[in-house]
Trainee: 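Provided herewith is a single structure, encoded as structure tokens, for subsequent inquiry.
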Amino acid sequence: MRSLSFLSMEYLFLLMSILSQCLKFGSGTAAVVHAGNGDGVQPLSKIAIHKAVYALHENASVKAHPLVLGTKGGDSDWVTVEIECPKPSEDDWIAVFSPANFRLKEFINGSSSICQPSDDMEQFPHICSAPIKYKYANDSDADYKKTGKSSLKFQLINQREDFSFALFSGGLSDPKLVAVSNVISFANPKAPLYPRLSQGKSWNEMTVTWTSGYNVIEAVPFVEWGMKGESQTRSPAGTLTFHQNDMCAPPARTVGWRDPGFIHTSFLKDLWPSSVYTYKLGHKLVDGSYVWSKSYSFKSSPYPGQDSLQRVVIFGDMGKAERDGSNEYSNYQPGSLNTTDQLIKDLKNIDIVFHIGDITYANGYISQWDQFTSQVEHIASTVPYMIASGNHERDAPNSGSFYDGNDSGGECGVIAETMFYVPAENRAKFWYSTDYGMFHFCIADSEHDWREGSEQYKFIEKCLASADRRKQPWLIFAAHRVLGYSSSYWKDAAFGEPMGRESLQGLWQKYKVDIAFFGHIHNYERTCPVYQGQCMHVGKSHYSGTVNGTIHVVVGGGGSHLSAFGPTQTSWSLYKDSDFGFVKLTAYNHSSLLFEYKKSSDGNVYDSFTISREYRDVLACVHDGCEPTTLGS
């Protein structure tokens, strides 16, 4: 396709007429400055795409190559974009749109579900969909303003649709469309991609979830799998999707909407413990032919209570970033790639991952979910990638979330609970329990009511009470918001959510929870074994015998912009670090646990402790956690 300025006047008139139906959906304004300190604002929301107007110039051009991506079977590829602009400016930028037609397809087919007439419409072209990423035109050439020429590199992933690149002047806050490139696409845009493993509802079940462009009427999805080196079998997959009217608020319901394709989940059952399995994703087309993914492998869960080396990674608030440097206007998640890369580097020494909320920070820009699943594919396709619900997944006004803000950008939990499987009884209520060998995990949903008497409170108590501490001595609680202790969370003389501690610390104490993990605050902090604000056990690096309290850990430095600590010094806080990192737990046996906090920058250990104890220590009486006794003989 030639530059838009060379299109026929008839087509240009049609383009302008159709796009004039678009509704003005504001996303705020943005400064022209290219760099920032990380302000926590979704970069795509800084683009006032609803204000875009035509400034087409016949001598401006944008050319993208290669025309076909993924010709060697890959699901990502690099694209070179050549720009020529007769009136260059420092604030010129290149937007990547997918689908390439800026959402014209829906209107040509007679649908007006994305944009509708409005009294507050601006001038043409009324672009109704945000780009999936962007870069400034001078990103790789400081002389762009002088020469009007630049060459940019973008890394694109397969997102089921074609792509085009648009040159805008006027910065992000006052965009003027100057030229549009030719169309490029992946060789197999509907291919099954980005598998995500998860523990099933029983210890010997693994679920595989993936994304494709195939509806069930086009192709039957399944997984071909089996123990490594042995015969393979096939298990069917269910198919889900969601629609624009499933979103609760803008921008997910407006400029952030993008078709998610189809999400498939298959249940691999009756697995042998601690065994290596291979698998690949398949779709049988209506003509009898097959479409296959590449091959993957995983190691099944150990039998509950099995005495073997077991390693768990936990973090929150990672988000995504772009390896090509795009979308980094605000350094939105500056540590995300470092965390991802450190986990990949150490993957052979990791058995299961818990990402406890604030998964992508898409905030209603749905294209970002594909990009996140691509970023973590190597991890999530190899070990179970368990998630918890955070405010950036769930919270939307008048949607039933415990907090009534719009931190999810209108997603209201729909995307997270569809894109990732968790073994919850009701995935709209994102609390669940899962076992891994000597660990028992109780994962709470901080975005639903957890106070005493609530449905979730009853689940939490049941989950904690169900742990067989002889078989599973290591009892872990996790939630996104800090329902326990954090020195960063000073509010009304409380550290963390005061109602959380009031409601839950009695349960943590009664059932002798070893460690409670939280995200939400973007740093790292570890407490002593604490109960009611008091340290219950001396020592910082080693605990033996009966611990008497729960160690609280904030591990929200997975990648998003960092949080500072408050000025107040507390007696229960043992270690603080305002940096990016994650926690690794290593259970050597039923009596010995190693805790390590590692920084994402280098993977080295900066804080650690060990717990050594016997079964009788778990049974022993603790303050406010003693079993009743009788004097009867």
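For reference, positions follow the sequence shown, starting with 1. Bear in mind the structure is a predicted one, so any value in this text is a computation, not a measurement.
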Trainee: Of Tyr524, Phe609, Phe582, which meets ring-ring contact (aromatic ring centres under 6.0 Å, His included) against Tyr597?
Mentor: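 Single ring-ring contact (aromatic ring centres under 6.0 Å, His included) partner of Tyr597 among Tyr524, Phe609, Phe582: Tyr524.
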Trainee: Does a side chain donor of either Glu447 or Ser408 reach within less than 3.5 Å of an acceptor in the other side chain?
Mentor: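 Looking only at side-chain atoms, Ser408 and Glu447 do not form any donor-acceptor pair under 3.5 Å.
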Trainee: Do Trp508 and Tyr531 come within less than 4.5 Å of each other through their side chains, counting heavy atoms only?
Mentor: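 In short, these two side chains do not touch, never coming nearer than 4.5 Å.
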Trainee: Could you tell me whether the side chains of Thr546 and Asn548 share a donor-acceptor contact shorter than 3.5 Å?
Mentor: no
Trainee: Tell me, do Leu562 and Ser578 make a side-chain contact under 4.5 Å, heavy atoms counted?
Mentor: yes
Trainee: Could you check whether Lys429 and Gln456, counting side-chain N and O atoms only, form a donor-acceptor pair closer than 3.5 Å?
Mentor: no
Trainee: Is the shortest side-chain heavy-atom distance between Val312 and Asp351 below 4.5 Å?
Mentor: no
Trainee: May I ask you to check whether Asp358 and Ser560 show a side-chain donor-acceptor distance below 3.5 Å?
Mentor: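 No donor-acceptor contact under 3.5 Å links the two side chains.
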Trainee: Main chain of Gly500, side chain of Ser503: is a donor-acceptor contact present, judged purely on distance under 3.5 Å?
Mentor: no
Trainee: Answer yes or no: is there an ion pair linking Lys512 with Asp617, defined by an N-O contact shorter than 4.0 Å?
Mentor: no
Trainee: So, are Lys471 and Asp435 salt-bridged, with charged N and O less than 4.0 Å apart?
Mentor: no
Trainee: Looking only at heavy atoms, what is the nearest atom pair of Val554 and Val482, with distance?
Mentor: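 Scanning both residues, the minimum pair turns out to be CG2-CG2, 4.1 Å.
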Trainee: Which residue pairs pass the disulfide bond (SG atoms under 2.5 Å apart) test with at least one member in residues 431-476, sequence neighbours excluded?
Mentor: Cys442-Cys463
Trainee: Does the side chain of Asp317 come within less than 4.5 Å of His480's, by heavy atoms?
Mentor: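 Result yes, sub-4.5 Å side-chain heavy-atom pair found.
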Trainee: Can you find a heavy atom in the side chain of Val547 that is under 4.5 Å from one in the side chain of Asp514?
Mentor: no
Trainee: Assess whether side-chain contact (heavy atoms from CB on, under 4.5 Å) is satisfied between Gln375 and Met318, documenting all intermediate values.
Mentor: CA-CA 11 Å; Gln375 178 176 310; Met318 185 169 78; 4.2 Å; yes
Trainee: Verify whether one side chain among Asp449 and Tyr457 offers a donor that lies under 3.5 Å from an acceptor in the other.
Mentor: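 Result is no, nothing qualifies.
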Trainee: Without hydrogens or angle criteria, can the side chains of Trp369 and Glu411 be said to hold a donor-acceptor pair below 3.5 Å?
Mentor: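 Yes - a donor-acceptor pair under 3.5 Å links their side chains.
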Trainee: Quick one: does Ile460's side chain get under 4.5 Å of Trp431's, heavy atoms only?
Mentor: no
Trainee: Which value, rounded to the nearest 0.5 Å, describes the distance between Cys626 atom SG and Gln509 atom CD?
Mentor: 9.0 Å
Trainee: Considering residues at least two apart in sequence or located in another chain, which fulfil the salt bridge (charged side-chain N to carboxylate O under 4.0 Å, His left out) criterion with Asp607?
Mentor: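 Applying salt bridge (charged side-chain N to carboxylate O under 4.0 Å, His left out) to Asp607 gives Arg526.
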Trainee: Assess Arg481 against Phe402: is NZ or CZ under 6.0 Å from the centre of the six-membered ring, and within 45 degrees of the ring's axis?
Mentor: no
Trainee: Any side-chain donor-acceptor pair under 3.5 Å between Ser592 and Ser612?
Mentor: no
Trainee: Within the 3.5 Å criterion, strictly below it, is a donor on Lys320 or Gln371 matched to an acceptor on the partner's side chain?
Mentor: yes
Trainee: So that I know where these two stand, are Phe222 and Trp210 an aromatic pair - ring centroids less than 6.0 Å apart?
Mentor: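 No, ring centres 6.0 Å or more apart.
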Trainee: Can Arg196 be said to sit on top of Phe420's aromatic six-ring, NZ or CZ under 6.0 Å from centre and within 45° of the ring axis?
Mentor: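 Yes; both conditions hold, so Arg196 lies above the ring face of Phe420.
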Trainee: Any ion pair linking Asp346 and Arg311 (charged N to carboxylate O, less than 4.0 Å)?
Mentor: no
Trainee: Could you tell me which non-hydrogen atom of Ile443 sits nearest to which non-hydrogen atom of Phe459, and how far apart they are?
Mentor: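 Distance-wise, the nearest heavy atoms are O-CE2, 3.8 Å.
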Trainee: Donor-acceptor pair, distance only, cut-off 3.5 Å: does the side chain of Gln368 make one with the backbone of Tyr361?
Mentor: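 No, Gln368 side chain to Tyr361 backbone: no donor-acceptor pair under 3.5 Å.
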Trainee: Is there a side-chain contact (heavy atoms from CB on, under 4.5 Å) between His448 and Arg394? Walk through the geometry before answering.
Mentor: CA-CA 9 Å; His448 281 91; Arg394 181 60 184 84; 3.7 Å; yes
Trainee: Report the C-alpha distance between Gln155 and Glu322 in whole Å, list the side-chain angles of each, state the deciding distance to 0.1 Å, and finish with yes or no for side-chain contact (heavy atoms from CB on, under 4.5 Å).
Mentor: CA-CA 8 Å; Gln155 186 180 37; Glu322 297 291 338; 6.0 Å; no
Trainee: Would you check if Met499 and Trp450 make a side-chain contact, meaning some heavy-atom pair closer than 4.5 Å?
Mentor: yes
Trainee: Could you tell me whether a side-chain N or O of Asn363 sits under 3.5 Å from a main-chain N or O of Gly409, the two making a donor and an acceptor?
Mentor: no
Trainee: Relative to the ring of Phe298, is the ring of Tyr279 parallel (under 30°), tilted (30 to 60°) or perpendicular (over 60°)?
Mentor: tilted
Trainee: We want to know whether Ser573 and Glu525 form a side-chain donor-acceptor pair, criterion being a heavy-atom distance below 3.5 angstrom.
Mentor: yes
Trainee: If we count only N and O atoms by modelled type, under 3.5 Å, do the side chains of Glu461 and Tyr511 hold a donor and an acceptor together?
Mentor: yes
Trainee: Compute both the distance and the angle, then confirm whether Lys599 meets the cation-pi test with Tyr606: under 6.0 Å from the six-membered ring centre, within 45 degrees of the axis.
Mentor: yes
Trainee: Answer yes or no for Arg427 and Tyr421: cation-pi contact, defined as NZ/CZ to six-membered ring centre under 6.0 Å and angle to ring axis within 45°.
Mentor: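 Arg427 over Tyr421 ring: no.
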Trainee: Is there a side-chain contact between Phe372 and Met419 (heavy atoms, below 4.5 Å)?
Mentor: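 No, their side chains stay 4.5 Å or more apart.
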Trainee: State, to 0.1 Å, how close Ile350 and Leu343 come at their nearest heavy-atom pair, and which atoms those are.
Mentor: CD1-O, 3.8 Å
Trainee: Output all residues satisfying ring-ring contact (aromatic ring centres under 6.0 Å, His included) with Tyr615, sequence neighbours left out; order by chain, then residue number.
Mentor: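 By the ring-ring contact (aromatic ring centres under 6.0 Å, His included) rule, Tyr615 matches no residue at all.
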